[in-house]
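One structure below.
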4 protein chains.
Amino acid sequence: MVKAGIIGSTGYAGQELVRILLQHPEAEIVWYGSKSYIDKRYSEVFGNMFQIVDDTCMGENIEELADKADVIFTATPQGLCSSLVSEDILKKTKIIDLSADFRIKDIEKYEKWYGIRHQSPSFVKEAVYGLCEINRKDIKDARLIANPGCFPTCTVLSIYPMAKEGLIDMDTVITDAKSGVSGAGRGAKTANLYCEVNESIKPYGVTVHRHTPEIEDQLSYASGRDVLINFTPHLVPMNRGILATSYARLKEKLSYSEVKAVYDKYYKNEYFVRVLDENVFPETRWVEGSNFTDVNFKIDERTGRIIMMGAIDNVVKGAAGQAVQNMNIMFGLEENTGLKIVPMFP
Amino acid sequence: MVKAGIIGSTGYAGQELVRILLQHPEAEIVWYGSKSYIDKRYSEVFGNMFQIVDDTCMGENIEELADKADVIFTATPQGLCSSLVSEDILKKTKIIDLSADFRIKDIEKYEKWYGIRHQSPSFVKEAVYGLCEINRKDIKDARLIANPGCFPTCTVLSIYPMAKEGLIDMDTVITDAKSGVSGAGRGAKTANLYCEVNESIKPYGVTVHRHTPEIEDQLSYASGRDVLINFTPHLVPMNRGILATSYARLKEKLSYSEVKAVYDKYYKNEYFVRVLDENVFPETRWVEGSNFTDVNFKIDERTGRIIMMGAIDNVVKGAAGQAVQNMNIMFGLEENTGLKIVPMFP
Amino acid sequence: MVKAGIIGSTGYAGQELVRILLQHPEAEIVWYGSKSYIDKRYSEVFGNMFQIVDDTCMGENIEELADKADVIFTATPQGLCSSLVSEDILKKTKIIDLSADFRIKDIEKYEKWYGIRHQSPSFVKEAVYGLCEINRKDIKDARLIANPGCFPTCTVLSIYPMAKEGLIDMDTVITDAKSGVSGAGRGAKTANLYCEVNESIKPYGVTVHRHTPEIEDQLSYASGRDVLINFTPHLVPMNRGILATSYARLKEKLSYSEVKAVYDKYYKNEYFVRVLDENVFPETRWVEGSNFTDVNFKIDERTGRIIMMGAIDNVVKGAAGQAVQNMNIMFGLEENTGLKIVPMFP
Amino acid sequence: MVKAGIIGSTGYAGQELVRILLQHPEAEIVWYGSKSYIDKRYSEVFGNMFQIVDDTCMGENIEELADKADVIFTATPQGLCSSLVSEDILKKTKIIDLSADFRIKDIEKYEKWYGIRHQSPSFVKEAVYGLCEINRKDIKDARLIANPGCFPTCTVLSIYPMAKEGLIDMDTVITDAKSGVSGAGRGAKTANLYCEVNESIKPYGVTVHRHTPEIEDQLSYASGRDVLINFTPHLVPMNRGILATSYARLKEKLSYSEVKAVYDKYYKNEYFVRVLDENVFPETRWVEGSNFTDVNFKIDERTGRIIMMGAIDNVVKGAAGQAVQNMNIMFGLEENTGLKIVPMFP
């Protein structure tokens, strides 16, 4: 039984960790951390947990937590995890950080895009980027996981095979992404009120969204060269879901079957990546509540481009689900333990 | 392993049966019946099932199905199950009917409210009304279950303790209910198009909704006298969820603790009924995707009335979940096997 | 040209006042008041006003405003208008208060339900309750209007004819109401975030909602006796709209035509109240963006009750639209000037 | 007073024409055509029109209509208008066709993308593409207007200045568009049911959407060369609104002010095109219900691309509103007569 502690259990990602871990046969939650709700019963914050979770929210005492937990999930704002981590802590427990603190290897780049100073640059090198389908081997032995961002997970998984095989011109990659509102977090901001978001769609963070360098890094590793992309997220009036639509120029003319073979090469044996049938495109509703990434592509012979699409549930594969997938790998469990959730529709 | 066949597996309730049974450790689906999609792969109808269900939709050959299945779920329009059932079938298999065919004991009443002729009145008496928390004992040995309607489940469970204990004037019961759109089914009707339903709320079936006699019957059994109520459902722009707000005159002055004790008497040991804390009222979001019924009440001393509220997920406790709960009881399984689903939020 | 000043122009009701007054042929806005956005361009707060409104938000200097404006709308929290009003102000200008400060004639009752001390009880008597269809004559000469609450407007208009004619037992009145989220205001609260409200319905303020005494007062005036009701509002995931479903016992058996004649007696000549055809029930979508109140009723012979239903757009007839209707009456304009807005669908 | 007849008045675009024309001071509707609802009162189909429109739906007798109407709007499926138009009709009346029949000058291209045979190729040349801001002069004297598609209107207006001035590489244009559900029409299809669309986003018509050649044609005219683009529309769970996000490589390095000057050159005096302030991006909520097109751009120096964004209300500027704008131009009225609608929020 893996003993798990959660710092930041009262945000949307933290609460989803709770939902998933409660139904996980090999894990047990030993700490419901929450800065804002200390001493409040967890089920008063989230009514779905009534008569399921009896615990009370605890503070962020990471030393005490490190003694109790085999793994700590930090589902917290940027900067917190890097201020808490230490050699002492990592000797006692593993950390899966859902924030961006350890995702970018280049500290300067991190500090520029995030506008904050990194608190523990020495651990950045050690941290493993927890995109399970790509870095499975390194994750196995890691003490510190940088759990990928929601947009990068969806975008990278849908482009990866083409980038890795060198089939697209990496100078032409454009990702236009769409996200549900839970991605904006549970903080009380006017911009995220029901009436502000409902019945509208808008782009945001145009050219400056913080997930841009994370996607670029991963595509650079995959393609073996420095990649700059355009990434434009949009806010969609729905609770959950991310859809990423990416465009790139094909280096040479390829048929549907040739490209299909490439995707199958990487994903055929992946439980959580589903390459859809020809002309069936990802829709967020079909992955809701699950850890699946649905991907597919369409070749446009007229323009010589390929459109690569991916859909995930941002709170599951884009956050809590992938974090548990990482935990499973790190603790030698079947990778899909507790994650064989059938997507809920409608 | 219980072998289950589903007739009507491509409606919303049928698909939810699939979702639940796939994650049920003691059940296996042997038949995906669907009149409209015969020979089509099930996962082409519901993309969430891609790479999870490989089966193809079958017709409604109940004889063949009866040989294969230990239990048949009929998630079909009124009139179908009653036209299929027979002594032969029931000798081979059990039936859990999600339609209204066997819910009303008085055939004439059924025919009046539903406007159709009953196809097999001889089985009405045998059928057990599958409101598990109330009729658990009879369900155990039943061959034919009338799975309750969504509104009746929610309404009856929230009023039952007060009716049973004779604490409210049954002549004053008014239920004002609100339902998500999945309750309207998956048929292609203009009235259920996105743009017709979104950003609006409306009453429907005012004074004539078919769930009225079903609720009245159950409240009559509970209170030991003939009950007539006002029942007004409303359509709410959301996928899932039913909220029932019921009003009645208290026969005598009662305190919060006195009424709380009454609710606890009936529900304290019920896994699926959660009596909320004082002044916390049911919200459909807290039961979404789960088999829970959240109930609570509020006494209004000014008017001498009690307001009794309940919330369920209409496709789970209001349909597929309760059907599986019935199956569990009928097959001697733990009642919550495969149903300990944590509600999904947001 | 009526010169109008708005205090609280950056809330939802205030912004709707702006939308309506901008399209009003006989009015002109001279003051965009806003405590939170002083010195900010109004169109930066509300992007719909870009290149339409060039003004900058001003503070709450009511003396200066009284010199400039023929009428002041206060679309502000309870307690503000009553702290600003004075004989000096009312000698210079008229006030239409969209808050609850002057709606309840009984100061003690106001202070009890609202939990605050009334700042200017001396003006309560003078203030006219601005439910135009009922109090048109008094509104004409008023200096100070208490613009009705959204729920009271919808509820009272749908019950009024039956109460006034003495046809229902006022001891049995129950109103179950449903509101869109704009009614909760534009303040940044977790409870009103998109993900908290979307895909859910909940009751709130059960037995204690502040609109209860306001409705009771008006029904008491109409029926000539003291009335206590049950009033339960619910929050619906939609931007705009209120639906009120009210129940009462008919004192005597009445036919559809008899009751229809009663409604027609009061509303036949009312531009803004539409009595729908038989068996057509109010839906909020059909009044969206307009000042209409759609009402209808259904007699239930089985229970001897009548169900009375009404739908309004809460920000228009429930707030800004009715405020402008009051302004029209006070300034001798045609009552529907600038308000002949065709509801927008979908 | 312009006498207007509408063929197809019971679709979403047709109904919006009614809403706009009813509030137009110089127009009058003389014919509510509807194939599906002949002899039904218009207000029974659309409850918002109750007590506003007393007319009954008529058939498609275009000869009779041509005698009565100064202008006929055809808000009908592709192929209908081209089967009705004739020299006789055009001698008596003007036609504004909201379908695609006359938008594409190359008949072969039209037939290929739409998969139907063109019924009256001889009128294609005469027809004027009614994108008012671009073709105002030709519209003035036209008898037959091809009212632009919703996506083309939004996309072309947001790219036009850059294309016309030759500042972007037309080989690199990619448009990723998002549309509300009303764009899918009012036909009863399972795919457009509330529960199918709600809480999801999906791409559709990937590489094959019929608006692609229409956009390409207009961008070709603007840039003076043949243009092929990638165009991917997505379905967003909201009633109204289109957002188009377009990407292209800048031919040379340009500053914000230089590009701003280019947009201002074309749109400074346009009432219906609003070039937003720096770093304020279009959101569909700010144009809802109005005829505005909000546009803006962002230069990405890292990639050398420009992101050009536009937002419209698809039923107004994308259909009915632009049709009325065309009518105004054709009949010598002020172009914004009846169209100075302030966007409705929330």
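Labels below follow one simple rule: chain letters A, B, ... track the order of the sequence lines, proteins then strands, and each chain is numbered from 1.
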Please round to the nearest 0.5 Å and tell me the distance separating atom [atom1] of [X] and atom [atom2] of [Y].
{"X": "D:E199", "Y": "B:M238", "atom1": "CD", "atom2": "CE", "answer": "11.5 Å"}
{"X": "B:Y12", "Y": "D:L193", "atom1": "OH", "atom2": "CG", "answer": "5.0 Å"}
{"X": "D:T190", "Y": "B:K189", "atom1": "OG1", "atom2": "NZ", "answer": "11.0 Å"}
{"X": "B:N198", "Y": "D:R240", "atom1": "CG", "atom2": "CZ", "answer": "12.0 Å"}

- What are the two closest non-hydrogen atoms of D:C195 and B:V181, and how far apart are they?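 Minimum heavy-atom contact is SG-C, 3.7 Å.
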
